[in-house]
There are 2 protein chains.
Amino acid sequence: MENSVKNEVTDKYSLRGRVFNRIREDILNGKYSENEELREVAIGEELGVSRTPVREAFRQLELEGLIQIIPNKGAYVTGITKKDVHDIYMIRSLLEGLCARLATEHITKEALEEMEENVYLAKFHGEKGHYEQVYELDNRFHEILYEACDSKILEHQLKDFHQYVLRVRKKTLSNSGRGLKSNEEHAKILEAIRNKDGELAERLANEHIKKAYENIVKIGVI
Amino acid sequence: MENSVKNEVTDKYSLRGRVFNRIREDILNGKYSENEELREVAIGEELGVSRTPVREAFRQLELEGLIQIIPNKGAYVTGITKKDVHDIYMIRSLLEGLCARLATEHITKEALEEMEENVYLAKFHGEKGHYEQVYELDNRFHEILYEACDSKILEHQLKDFHQYVLRVRKKTLSNSGRGLKSNEEHAKILEAIRNKDGELAERLANEHIKKAYENIVKIGVI
DNA sequence: TCTTGTGTTATTGTATACAATTATACGATT
DNA sequence: AATCGTATAATTGTATACAATAACACAAGA
């Protein structure tokens, strides 16, 4: 959020930036499990750097909520609880709706075209059962939407939440026919945006996230 | 938010935590102006610590969006643009509504009582023209609301946004009769919550934030 | 056996030293 | 005078050394 309202993590190339991204990925991809303790030296050695950049990365990860630092004790991977997921989807539902409505007014021709291509491709892969591709395309669809709303702040918020529930999402989309269903909903949102119907886009995006959550609960991945 | 989603900044007592809070306050209170460069040694000397905790604090402040770090160059205070304020209020309006609705279900008797006291006191100070107290009470009202929704994540988000627009808010409330108007709206929200009318509370909280924004624009503090 | 105390080890917190990068000053060249 | 290049200084990036704290093992006493 924090929070983290405005800036991206600046540096992809500094040691700190690389360490930060690496640990973040490792947590989200499940390499480090819940409550696992992260030791500065161990991670430093693994990545071939000293403790300093690792520590700085830790401080950032803490603000992102991915680890919890207990002073003089250690850094622990925070779990994501059922309630967290519930709350995030509740918030996301609202903000994603707002985002879709704003996108209706501000989306560029290029973004609209990428969306159309995205939906078209996702249908193909969904029918073939290519879960990995469906997952990637689903992510990308939302990213396009976020970027199209023309609000850095809203975009940042939504990307954060999106990232945060990555683990859960991955499981959901590689399961069941949710991938296809989800894509059909994308298509409808896209159409509303294309028709400049902001209110409809808002409502559809709203419902889309709610359904995604219902599916998560149904499948029982959390 | 980062996104700082879950944890508070853990440590009030470590050097890093103190440095972080100090710089944060100084930025929000306007001690450091927009685009000002923050130098590690200078701040370290001012607070009597070495560069290390200062650097760690910088990394966190960057994620909070309060400063921007340009690699190998420096840390610069980020301004808050007109559009930022607009976007934040738009988002806050939605989330504050959600928060009020949730609070209707989860608020404790103690919190409800503190709210009532808050509104009562604010009326008194508002009529007397005690702007500083009105400002503090207004802040506190929202904090109580955030804590009452029983969602750590939503609470955290809203507190972040609230903090972020602090400068603007202060100017608004010490100006005009907005303080009293605002308090009347608080009273209505409180009543809706007391009556367990979640939908009404949501709508009122929604409008409350929108009006606060309209007032900011009208007064022209940004 | 359980508890408690103490010394040891491991780990984080902070300071500092050195390296890399960037900004600045200033003179040479045109 | 303006521009470029180079040397110098200032600043950040990283590594490491030392201090403070917490975790652990193990023995002494009840």
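Just so it is clear, the model here is predicted, and its values are computed rather than measured.
- To the nearest angstrom, P of C:dA23 lies 9 Å from CD of B:Glu37.
- Side chains of A:Glu96 and A:His142: a donor-acceptor N/O pair is present below 3.5 angstrom, by distance only.
- Counting non-hydrogen atoms under 4.0 angstrom, B:Arg51 reaches a base of the nucleic acid.
- For B:Ser50, taking side-chain heavy atoms from C-beta onward, the closest of the listed nucleotides C:dT21, C:dT11, C:dA15 is C:dA15.
- The aromatic ring centroids of A:Tyr146 and A:His162 lie less than 6.0 Å from each other.
- A:His208 places a side-chain heavy atom less than 4.5 Å from the side chain of A:Ser182.
- Note: CD (A:Glu56) to C1' (C:dG13) measures 14 Å, nearest angstrom.
- Atom CD1 of B:Ile69 is separated from atom P of D:dT11 by 16 Å (rounded to the nearest Å).
- Each of D:dT14, D:dA15, C:dT12 was ranked by its minimum atom distance to the side chain of A:Val49; first place goes to D:dA15.
- Atom CD1 of B:Ile70 is separated from atom P of C:dA20 by 22 Å (rounded to the nearest Å).
- The side chain of B:Asn72 has D:dG13 as its nearest neighbour among D:dG13, D:dT12, C:dT14.
- Look at B:Lys73 and you'll find a side-chain N or O under 4.0 angstrom from OP1 or OP2 of C:dA23.
- Rounded to whole Å, atom P of C:dG13 lies 16 Å from atom CZ of B:Phe20.
- The phosphate of D:dG13 has OP1 or OP2 within less than 4.0 Å of a side-chain N or O from B:Arg59.
- Distance CZ (B:Arg55) to C1' (C:dG13): 16 Å, rounded to an integer number of Å.
- Rounded to an integer number of Å, the gap from A:Arg16 CZ to C:dA20 C1' is 16 Å.
- One can place CZ of A:Arg39 at 20 Å from P of D:dT21, the figure rounded to the nearest angstrom.
- Looking at the side chain of B:Thr52, the nearest of the listed nucleotides C:dT16, C:dT21, D:dT14 is C:dT16.
- Classification of B:Lys159 and B:Glu147 as a salt-bridged pair holds, one side-chain N sitting under 4.0 Å from a carboxylate O.
- Cation-pi geometry between A:Arg92 and A:Tyr89 is met: the NZ or CZ atom falls under 6.0 Å from the ring centre, inside 45° of the normal.
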